[in-house]
Amino acid sequence: MSKFYITNSIPYVNAQPHIGHALEFIQSDVVNRYQRLLGNDVFYLCGSDENAIKNVQAAEKAGMDIQSFIDEHAKEFQDLADALNIHFDIFQKGSDQSHHKASQKLWELCEKNGDIYKKSYKGLYCVGCEEFKSSSDLDENGECFEHPGKSLEEVEEENYFFKLSKYQDFLLELIESNTYEVVPEFRKNEVTSFIKTGLEDFSISRSNRRAKNWGVPVPGDPEQRIYVWFDALNIYQSGIGFGDDEDTYSKWWPANLHVVGKGIIRFHAVYWPAILQSAGLKLPKKLFVHEYFTVNGQKMSKTLGNVINPLDMIKKYGADALRYYCLAKISPFQDGDFSEEKLVEAYNSDLANGLGNLVARVAKLAENNKLIFEDQPLAIDPDVINFSEKFQFNNALESQWQEIAKADRLLNEQKPWNLPREEAVSVIKDLIQKIRLISFSIQPFLPITSKNILKQFSGEIKSQSPLFPRIV
RNA sequence: GGCAGGAUGGCUCAGUCGGUUAGAGCACGGCAUUCAUAACGCCGAGGUCGUGGGUUCGAUCCCCACUCCUGCUACCA
């Protein structure tokens with residue numbers, strides 16, 4: 001048994017969770033549960049990035065004080081996890097004092113190593129938005145979209161920078177050698193080609209004015225706040241006691257796996273290991289990068305109004321149905337499309353007609369024969385192990401659905417309902433064990449369903465109401 | 001613009017280190033049928049493998065050009 005520390009990425013809590021968050025929760029939870037099933041000692045973290053300026057702005061817009069605004073939204077993410085039957089060992093909030101301390105400690109370690117220095121930052125400041133804009137935020141006239149006609153001011157301020165450039169060779173070697181492994185391969189290539197274009201130091205603080213006095217104060221400089229990434233990534237450490245509970249920290253760190261969406265790969269594959277190396281801390285082992293959902297073939301966006309609330313889907317179809325769709329019906333390494341129609345299609349064809357129906361027919365046969373099943377040993381199917389190790393959740397499930405089809409065919413061939421009792425019982429017992437093996441193997445994917453089936457197929461077996469009633 | 005990846009039946013994808021009839025699942029049609037949730041099983045229809053050239057006895061797979069899509073090309077996260 002070895003320890004396994006896995007992190008979900010840290011959701012940004014300026015809005016409600018959408019179906020994309022559910023996707024990542026589900027994927028990381030499968031790894032979490034799979035590692036536990038293997039017998040490893042697992043710690044599973046999620047948290048919330050709460051120190052960003054956008055949270056402050058979103059709170060102002062909502063007319064709420066920042067802390068309540070953030071707490072409310074963070075709660076929504078935790079509720080989503082609950083609804084999906086996901087249990088984080090910790091949900092580390094960025095506004096928590098323990099996290100503030102941890103971030104200041106990380107800062108001090110990097111500073112001690114000479115990797116933090118002050119430099120002036122020049123940028124275009126929009127008075128209307130009260131924030132700096134990059135060229136991509138501006139229209140063809142060089143003006144902010146929300147405040148056309150107002151030209152931007154060029155403002156200069158002193159900020160602290162992190163010497164990322166110093167770690168260029170180190171990072172290239174780290175990623176290329178898979179010492180810190182980026183999965184899938186094409187994302188790894190993206191990272192190495194990015195590193196090869198040359199790394200520049202990046203800003204890790206903001207003036208209090210720009211930060212609106214929100215966030216973690218820079219140690220020894222009360223005029224500045226630690227800026228987002230340096231702080232947010234550190235939730236992975238503060239959540240396990242960094243700077244506070246060294247025993248717990250040293251038990252779990254480094255992370256065996258960070259799970260992230262493609263949008264934040266650079267921060268995890270480049271900034272983060274550099275910061276840790278600078279601080280003299282251990283580096284994470286692996287980074288799994290997943291893709292995004294489109295909805296009915298279109299990008300999700302608030303303006304299109306096609307944002308799907310995963311809680312609605314769970315209420316209507318159940319957590320395992322949503323889990324199944326997210327895991328089986330899309331490739332983890334490609335954008336997948338979500339639509340309620342496709343969810344229902346998958347539900348009916350695979351869960352109701354496939355797994356659910358097989359369980360129902362075998363249970364009824366067992367009941368008719370007054371069969372008592374004595375437990376036999378269970379093991380994870382080698383295909384499931386093989387695919388799960390590579391995060392190919394879709395292939396893992398596909399392999400088990402082939403087993404389901406095989407069992408259905410076997411039933412049709414053997415026709416135990418026509419056989420004398422003794423022969424029938426032998427066939428049925430064989431099928432029961434096959435179903436139990438399938439259920440056991442899909443436990444990380446569909447935990448509730450798996451548990452229900454194993455419970456039903458133990459001891460005296462009775463026919464029960466359908467696991468997945470067909471949706472008409 | 002540069003780099004990377006993709007374009008295969010209605011949908012989602014697999015595949016061919018170039019070789020007689022290009023596969024699967026879903027959806028669809030037919031047959032059969034109860035142990036089962038009008039479910040399972042069997043059978044079937046459905047593709048000029050993005051476009052135009054080239055190499056070859058032969059290309060969906062190799063080469064060139066083009067079109068379209070996606071990602072990356074650093075201080076919004």
Side-chain angles (χ1 to χ4, degrees), chain A residues 9-15 49 51-55 57 121 123 129 131-134 136-137 159 161-162 164 184-206 227-230 232 261-267 270-271 289 291-292 294 297 299 328-331 333-337 339 341-342 345-346 348-369 394-395 398 401-402 404-405 407-419 424 427-428 431 463-472:
Chain A
S9 69
I10 308 304
Y12 195 45
V13 291
N14 64 343
D49 176 11
N51 297 330
I53 302 165
K54 287 207 170 169
N55 287 330
Q57 292 167 330
Y121 170 88
C129 299
E131 68 178 357
F132 280 82
K133 298 285 180 183
S134 64
S136 59
D137 296 327
N159 289 147
F161 278 70
F162 177 79
L164 185 66
E185 185 93 14
F186 72 92
R187 291 291 171 204
K188 170 183 166 179
N189 294 340
E190 231 170 66
V191 170
T192 53
S193 68
F194 172 72
I195 296 172
K196 283 177 189 162
T197 62
L199 298 178
E200 291 169 22
D201 300 345
F202 66 100
S203 164
I204 54 170
S205 79
R206 292 288 187 263
Y227 185 58
V228 175
W229 280 110
F230 192 93
K262 62 182 172 184
I264 54 175
I265 180 172
R266 185 189 318 139
F267 308 105
V270 180
Y271 290 18
V289 185
E291 308 285 306
Y292 292 155
T294 55
K299 266 192 178 173
K329 293 300 157 182
I330 64 158
S331 159
F333 308 120
Q334 261 180 295
D335 282 351
D337 189 51
S339 73
E341 199 186 333
K342 284 181 183 160
E345 220 172 81
N348 277 337
S349 66
D350 295 359
L351 297 175
N353 298 353
L355 181 58
N357 183 55
L358 176 64
V359 165
R361 57 196 303 210
V362 173
K364 187 58 183 251
L365 285 165
E367 185 183 72
N368 291 349
N369 285 282
N394 53 343
N395 292 332
E398 166 72 24
W401 255 255
Q402 277 174 18
I404 291 171
D408 266 324
R409 258 178 265 129
L410 192 70
L411 255 180
N412 289 346
E413 285 161 16
Q414 305 268 342
K415 301 182 183 23
W417 49 90
N418 285 341
L419 296 175
V427 171
I428 297 163
L431 278 157
S463 174
Q464 291 175 11
S465 56
L467 283 170
F468 298 99
R470 243 186 101 78
I471 295 162
V472 231

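Any value given below was found using the heavy atoms of this structure, including those in side chains, with hydrogens, waters and symmetry copies removed. In what follows, chains carry the letters A, B, and so on, assigned in the order in which the sequence lines appear, proteins first and then strands, with residues in each chain numbered from 1.
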Is the aromatic ring centre of Phe202(A) closer than 5.5 Å to the centre of the six-membered base ring of rC75(B), with the two planes inclined by less than 30°?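 The base of rC75(B) is not stacked with Phe202(A) (the test needs centres under 5.5 Å and planes under 30°).
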Rounded off to whole Å, could you give me the [atom1]-to-[atom2] distance for the [X] and [N] pair?
{"X": "Glu291(A)", "N": "rC13(B)", "atom1": "CD", "atom2": "P", "value": "12 Å"}
{"X": "Asp335(A)", "N": "rU70(B)", "atom1": "CG", "atom2": "P", "value": "10 Å"}
{"X": "Leu351(A)", "N": "rU37(B)", "atom1": "CG", "atom2": "P", "value": "17 Å"}

Any donor and acceptor pair, going by atom type alone, linking the side chain of [X] with main-chain N or O of [Y] inside 3.5 Å?
{"X": "Asn55(A)", "Y": "Asp49(A)", "value": "yes"}
{"X": "Tyr292(A)", "Y": "Gly263(A)", "value": "yes"}
{"X": "Asn348(A)", "Y": "Ile471(A)", "value": "yes"}
{"X": "Asp201(A)", "Y": "Leu164(A)", "value": "yes"}

Using a heavy-atom cut-off of 4.0 Å across all strands, would you classify [X] as base, sugar-phosphate, or nothing?
{"X": "Asn159(A)", "value": "nothing"}
{"X": "Ile265(A)", "value": "nothing"}
{"X": "Lys415(A)", "value": "nothing"}

Could you pull out every donor-acceptor pair under 3.5 Å between side chains of residues 409-416 of chain A and any protein atom, sequence neighbours left out?
| residue | atom | partner | partner atom | Å |
| --- | --- | --- | --- | --- |
| Asn412(A) | OD1 | Arg361(A) | NH2 | 2.8 |
| Lys415(A) | NZ | Asn412(A) | O | 2.7 |

Given that Arg187(A) and Phe267(A) both sit by RNA chain B, which one's nearest nucleotide is further toward the 5' end?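 Of the two residues, Arg187(A) wins.
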For RNA chain B, whose closest nucleotide is more 5', that of Thr197(A) or that of Val228(A)?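 Closer to the 5' end of RNA chain B: Thr197(A).
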I want to verify a distance call: between [options], whose nearest atom is closest to the [X] side chain?
{"X": "Arg361(A)", "options": "rC35(B), rC42(B), rU12(B)", "result": "rC35(B)"}
{"X": "Asn412(A)", "options": "rU37(B), rG41(B), rC75(B)", "result": "rG41(B)"}
{"X": "Ala360(A)", "options": "rA36(B), rC35(B), rG71(B)", "result": "rA36(B)"}
{"X": "Glu200(A)", "options": "rU12(B), rC42(B), rA74(B)", "result": "rA74(B)"}
{"X": "Pro466(A)", "options": "rC11(B), rU37(B), rC75(B)", "result": "rU37(B)"}
{"X": "Ser203(A)", "options": "rA74(B), rC75(B), rC35(B)", "result": "rC75(B)"}
{"X": "Asn357(A)", "options": "rU37(B), rG41(B), rA36(B)", "result": "rA36(B)"}

Considering only atom C1', compute the distance from rU60(B) to rC13(B) and round it to an integer number of Å.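 It works out to 16 Å between them.
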Please report the distance separating the C1' of rU16(B) from the corresponding atom of rU20(B), rounded so that it comes out in whole Å.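 To the nearest whole Å, 14 Å.
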Return the pairing partner of [N] with a 3.5 Å limit on both distances, Watson-Crick or G-U wobble; otherwise return none.
{"N": "rA74(B)", "answer": "none"}
{"N": "rG5(B)", "answer": "rC69(B)"}
{"N": "rG25(B)", "answer": "rC11(B)"}
{"N": "rU16(B)", "answer": "none"}

Suppose we screen for salt bridge (charged side-chain N to carboxylate O under 4.0 Å, His left out). Which residues come up paired with Lys329(A), at least two apart in sequence or across chains?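 Residues passing salt bridge (charged side-chain N to carboxylate O under 4.0 Å, His left out) with Lys329(A): Asp350(A).
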Distance test, side-chain N/O of Lys364(A) to OP1/OP2 of rA36(B), below 4.0 Å: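 Answer is yes, contact under 4.0 Å.
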Atom CZ of Phe202(A) and atom CZ of Phe230(A): how far apart are they, to the nearest 0.5 Å?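 Output value for this atom pair is 7.5 Å.
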Could you grab the distance from atom OG of Ser203(A) to atom CZ of Phe162(A), nearest 0.5 Å is fine?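 Nearest 0.5 Å value for the OG-CZ distance: 12.5 Å.
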Using atom names, set out every protein N or O paired with an N or O of nucleotides 23-32 of chain B below 3.5 Å, distance rounded to 0.1 Å.
| residue | atom | partner | partner atom | Å |
| --- | --- | --- | --- | --- |
| rC26(B) | O2' | Glu345(A) | OE1 | 3.0 |

